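Predicted model only: the values in this text are computed from it and were never measured.
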Number of protein chains: 2
Amino acid sequence: MKAETRVDTKEAILSAARSSVQRNGYNALSYRDLAAEIGIKSASVHYHFPAKADLAEALVDRYREDAGKIFQGLADKSYDEAMGGYIALFRSFFDDCNQMCLGGFMSAEITALPEKMTGTVAAFYAAHIEFLRDTLSKKLRGAAAKDLDERAQAIFAALEGAQLIARGRGGDATVFDRIVTSYRATGLIP
Amino acid sequence: MKAETRVDTKEAILSAARSSVQRNGYNALSYRDLAAEIGIKSASVHYHFPAKADLAEALVDRYREDAGKIFQGLADKSYDEAMGGYIALFRSFFDDCNQMCLGGFMSAEITALPEKMTGTVAAFYAAHIEFLRDTLSKKLRGAAAKDLDERAQAIFAALEGAQLIARGRGGDATVFDRIVTSYRATGLIP
DNA sequence: ACCTGAACACCGTTCAAGT
DNA sequence: ACCTGAACACCGTTCAAGT
């Protein structure tokens with residue numbers, strides 16, 4: 001089918017937009033720049049995503065799905081491998097132009113987004129908390145479900161913060177590494 | 001003197017801009033909205049701060065100075081009071097329209113700012129690390145200076161992350177509180 | 001010294017018009 | 001179904017002109 005051989009415009013928009021937002025944030029994303037990169041006009045981007053908020057919502061949904069696949073791949077691994085893989089995920093952002101987690105950007109720029117996006121961002125958080133809870137349960141066997149949830153949320157927040165601060169330091173991955181080492185040494189990350 | 005009785009325009013710009021940036025970020029700040037709020041024209045804002053980046057730099061510098069004054073007020077307190085006061089500072093952002101730390105926003109939006117701002121943001125970080133290092137030294141008496149620095153950086157990053165995630169949850173201060181409780185319980189914050 | 005109106009090239013968004 | 005040119009009200013920035 002033709003539709004499979006040619007590059008799908010909607011997919012091309014999502015891909016380029018995701019890269020741009022992870023580099024510069026949602027407010028800095030330009031429909032005209034995006035269109036130019038793909039080779040269409042900005043009005044065409046509006047055909048697929050009427051408003052910027054629609055594009056943002058699609059981006060976060062897709063982003064959460066992709067994270068879910070990675071989490072699935074780590075699900076049957078040991079605690080050390082699963083937690084190590086999860087942390088490596090956060091670290092990988094620095095390999096490509098000091099990018100940042102989409103969820104972190106959406107939290108910062110949440111006021112620029114419609115109310116509806118609150119639920120979209122919450123769903124993204126929930127996916128992370130769920131993975132971390134399951135992973136932590138491998139290590140902290142006797143722990144209550146509520147305690148695992150609290151710990152998962154704390155580790156997620158701490159890693160987002162480590163990424164944010166390392167980004168502010170020019171995308172220095174060793175800053176991220178040293179902070180994570182402290183998280184492990186103090187016992188936040190078991 | 002007249003200059004003392006009337007409200008200084010430059011000060012009014014800085015004050016309004018700070019509030020706006022802490023709510024919505026740097027990219028969302030509008031010179032025209034800012035001018036309208038103060039009662040001048042946007043071209044007048046450019047007279048005081050030629051480019052938005054100049055305003056951002058002045059904001060972060062002022063912000064760091066204000067933080068320094070608060071740190072001084074906590075300097076001669078006990079460890080518990082100093083650390084408690086520091087954490088209360090982060091929590092206070094939620095009391096007023098889900099604001100965020102200026103440093104956190106600048107880290108996220110660092111790509112929208114000129115290279116020069118890297119040093120400005122770094123100076124802001126350094127002020128926090130210094131305060132935390134001095135505070136931690138009250139509790140961890142025998143610790144090496146390097147270890148205190150690492151721990152200070154980790155706590156700072158973790159608190160920025162807690163604020164970011166609670167902001168993404170609609171500015172729920174109890175989310176921030178629960179995360180901080182985990183930081184304390186696990187030993188990241190002694 | 002401080003402010004302004006007008007212009008510039010940008011921006012998201014809309015819509016009638018094309019294929 | 002998908003794309004586009006043109007228009008709209010916005011944006012940061014510049015500058016000659018005002019006081």
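Between the C1' atom of dT13(D) and the CG atom of Leu55(B) lies a distance of 14 Å, rounded to the nearest Å. One atom, CD1 of Ile13(B), and another, P of dC2(C), lie 11 Å apart when rounded to the nearest Å. Between the NZ atom of Lys41(A) and the P atom of dC3(D) there is a distance of 13 Å, rounded to whole Å. His48(B) places its NE2 atom 16 Å from the P atom of dG12(D), with the value rounded to the nearest Å.
Listed by chain and residue number, nothing satisfies the salt bridge (charged side-chain N to carboxylate O under 4.0 Å, His left out) test with Lys146(B) (two or more places apart in sequence, or in another chain). With sequence neighbours excluded, the residues that form a ring pair (Phe, Tyr, Trp, His ring centres under 6.0 Å) with Tyr63(B) are Phe124(B). Applying the salt bridge (charged side-chain N to carboxylate O under 4.0 Å, His left out) criterion to Arg64(A), with sequence neighbours excluded, gives Asp61(A). When the salt bridge (charged side-chain N to carboxylate O under 4.0 Å, His left out) test is applied to Glu11(A), the partners found at least two apart in sequence or on another chain are Arg62(A). Residues passing the salt bridge (charged side-chain N to carboxylate O under 4.0 Å, His left out) test with Asp96(A), sequence neighbours excluded: Arg23(A).
Using cut-offs of 30° and 60° for the angle between ring planes, the Phe71(A) and Tyr86(A) rings count as tilted.
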What pairs of nitrogen or oxygen atoms, one from the protein and one from nucleotides 14-19 of chain D, lie under 3.5 Å apart?
none

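Looking only at distances, no side-chain donor or acceptor of Lys52(B) sits under 3.5 Å from a matching main-chain atom of Leu113(B).
Here the side chains of Phe176(A) and Arg167(A) are not in contact, with every heavy-atom distance at 4.5 Å or above.
The list of side chain to side chain donor-acceptor pair (under 3.5 Å) pairs with a residue in residues 25-48 of chain A, not counting sequence neighbours, reads Asn27(A)-Glu109(A). Residue pairs that meet the side chain to side chain donor-acceptor pair (under 3.5 Å) test with at least one member in residues 129-145 of chain A, sequence neighbours left out, are Arg133(A)-Asp149(A). Annotation: salt bridge (charged side-chain N to carboxylate O under 4.0 Å, His left out) contacts involving residues 174-190 of chain A, sequence neighbours excluded, comprise Arg91(A)-Asp177(A), Arg178(A)-Glu150(B).
Distances from the side chain of Lys52(A) to the nucleotides dC3(D), dT13(C), dT13(D) place dT13(C) closest.
Remark: Tyr47(A) is not in phosphate contact with dC3(D), judged by side-chain N or O atoms under 4.0 Å from OP1 or OP2.
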Give DNA chain C the dot-bracket treatment, 5' to 3': Watson-Crick (N1-N3 with N6-O4 or O6-N4) or G-U (N1-O2, O6-N3) under 3.5 Å, [ ] crossing, | other strand.
-> ||.|||||...|||||.||

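Only at 4.0 angstrom or more do the heavy atoms of residues 19-28 of chain A sit from any atom of DNA chain D, so none qualifies. For DNA chain D, the neighbouring residues in residues 29-37 of chain B, judged by any heavy atom under 4.0 Å, are Leu29(B), Ser30(B), Tyr31(B), Arg32(B), Asp33(B).
Pairing each heavy atom of Ala152(B) with each of Leu136(B), the nearest pair is N-CD1, 3.7 Å.
Between the side chains of Thr174(A) and Asp172(A), a donor-acceptor pair is found at a separation under 3.5 Å.
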